[in-house]
Amino acid sequence: MAVSTPEVEKRPDTPAARADKYVVGEAMCPYRLVLEHVTSRWGVLVLIELLDRPHRFSELRRAIGRVSEKMLTQTLQTLERDGLVHRDAKPVIPPRVDYSLTDLGREAARQVRDLALWTERRMADVTRAREAYDEAKRA
């Protein structure tokens with residue numbers, strides 16, 4: 001359990017108070033669980049792909065690539081439970097199910113997309129840092 005100082009308790013919007021929510025050892029912390037769902041390997045890709053438009057399951061699976069049906073189903077269910085994805089099942093034959101982002105999901109997807117774009121822009125810097133680190137370790 002996180003231990004707060006009296007100052008943090010008086011000012012709940014301080015960086016220390018916000019960081020207190022993510023204390024190591026609180027593996028089942030609700031904030032951490034949502035963060036894990038949004039930033040999971042498939043969660044990131046689903047959110048970014050659904051930013052463009054709604055997709056049917058098979059379209060989404062093809063767009064993402066290399067994800068099993070089971071993993072995509074689990075990811076979509078988790079994101080739906082968190083209120084990020086909307087599942088629209090139409091009562092037609094054959095059944096048609098479309099997945100789209102909720103307002104909350106669009107907000108999260110934009111954040112994740114920005115992080116992905118930052119990674120793309122800064123990859124050369126990361127590569128140089130890795131090479132410098134590896135060289136220093138060899139020396």
Side-chain angles (χ1 to χ4, degrees):
M1 187 70 159
V3 179
S4 301
T5 64
E7 293 171 29
V8 170
E9 290 170 6
K10 290 178 192 171
R11 294 180 291 140
D13 197 33
T14 63
R18 288 190 301 271
D20 214 25
K21 296 175 185 176
Y22 309 100
V23 173
V24 175
E26 295 287 332
M28 298 311 286
C29 168
Y31 308 103
R32 186 176 290 184
L33 286 174
V34 173
L35 189 61
E36 286 177 15
H37 299 162
V38 169
T39 62
S40 70
R41 177 180 184 182
W42 304 117
V44 165
L45 298 175
V46 165
L47 290 171
I48 291 173
E49 192 61 38
L50 289 177
L51 259 175
D52 293 335
R53 63 178 180 82
H55 284 68
R56 294 180 71 175
F57 184 88
S58 57
E59 291 176 312
L60 193 54
R61 187 166 179 219
R62 276 192 304 275
I64 291 172
R66 295 181 45 178
V67 60
S68 70
E69 188 172 319
K70 179 182 176 183
M71 262 327 296
L72 183 55
T73 298
Q74 288 176 349
T75 300
L76 287 165
Q77 287 173 344
T78 298
L79 295 174
E80 182 182 8
R81 183 170 184 259
D82 287 344
L84 305 175
V85 168
H86 173 72
R87 181 180 185 271
D88 182 21
K90 294 178 177 44
V92 295
I93 296 177
R96 179 183 173 108
V97 179
D98 292 306
Y99 294 91
S100 60
L101 294 175
T102 63
D103 289 341
L104 189 62
R106 251 185 305 289
E107 184 180 344
R110 286 186 197 110
Q111 298 293 321
V112 170
R113 181 190 58 199
D114 288 347
L115 181 59
L117 291 172
W118 174 87
T119 304
E120 186 179 328
R121 283 192 314 271
R122 301 304 298 241
M123 195 61 218
D125 296 317
V126 171
T127 300
R128 281 192 293 279
R130 287 176 176 173
E131 290 168 354
Y133 177 88
D134 292 346
E135 185 61 35
K137 285 293 186 183
R138 284 192 287 270

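Taking OG1 from Thr75 and CD1 from Ile64, the interatomic distance works out to 8.0 Å, rounded to the nearest 0.5 Å. Note that OH of Tyr31 is 15.0 Å distant from CD of Glu36, once rounded to the nearest 0.5 Å.
Hydrophobic clustering (side-chain heavy atoms under 4.5 Å, transitive across Ile, Leu, Val, Met, Phe, Trp, Tyr) keeps Val112 apart from Leu35. Neither Leu33 nor Leu79 shares a network with the other; the hydrophobic side chains, linked directly or stepwise wherever heavy atoms of I, L, V, M, F, W or Y lie under 4.5 Å apart, form separate groups for each. There is no path of hydrophobic side-chain contacts, each under 4.5 Å, that joins Ile48 to Leu117. Linking Ile, Leu, Val, Met, Phe, Trp and Tyr residues whenever their side-chain heavy atoms come within less than 4.5 Å leaves Leu45 and Leu115 in two separate clusters.
The neighbour count for Arg53 CZ, taken as heavy atoms of other residues, nucleotides or ligands under 6.0 Å away, is above 12. Counting non-hydrogen atoms of other residues, nucleotides and ligands closer than 6.0 Å to CZ of Arg56 gives a total above 12. The environment of Glu107 atom CD is sparse: at most 12 non-hydrogen atoms of other residues, nucleotides or ligands sit within 6.0 angstrom.
Side-chain contact between Val85 and Leu101 is present, with at least one heavy-atom pair separated by less than 4.5 Å. Under the 4.5 Å side-chain criterion, counting only non-hydrogen atoms from C-beta, Arg81 is not in contact with Thr78. Put simply, the side chain of Phe57 reaches to within 4.5 Å of the side chain of Leu76, judged on heavy atoms.
Between Val67 and Arg61 the shortest heavy-atom distance is O-NE, 2.9 Å. Closest approach of Leu104 and Asp82 over heavy atoms only: CD2-O, 3.9 Å. Taking every heavy atom of both residues into account, Ala109 and Leu47 meet most closely at CB-O, 3.5 Å.
Comment: Arg106 engages Asp103 in a salt bridge, judged by a side-chain N to carboxylate O separation of less than 4.0 angstrom. Ion pairing between Arg138 and Glu135 holds under the 4.0 Å rule for side-chain N and carboxylate O.
Under a 4.5 Å side-chain heavy-atom criterion applied to ILVMFWY residues, the cluster that includes Tyr133 comprises that residue alone.
Scanning for salt bridge (Lys or Arg N to Asp or Glu O under 4.0 Å) contacts around Asp98 gives Lys90, Arg96, with sequence neighbours left out.
Within the 3.5 Å criterion, the main-chain N or O of Val97 finds no donor-acceptor partner in the side chain of Arg87.
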Can you list the steps and then say if Asp134 with Lys137 is a salt bridge (charged side-chain N to carboxylate O under 4.0 Å, His left out)? CA-CA 5 Å; Asp134 292 346; Lys137 285 293 186 183; over 6 Å; no
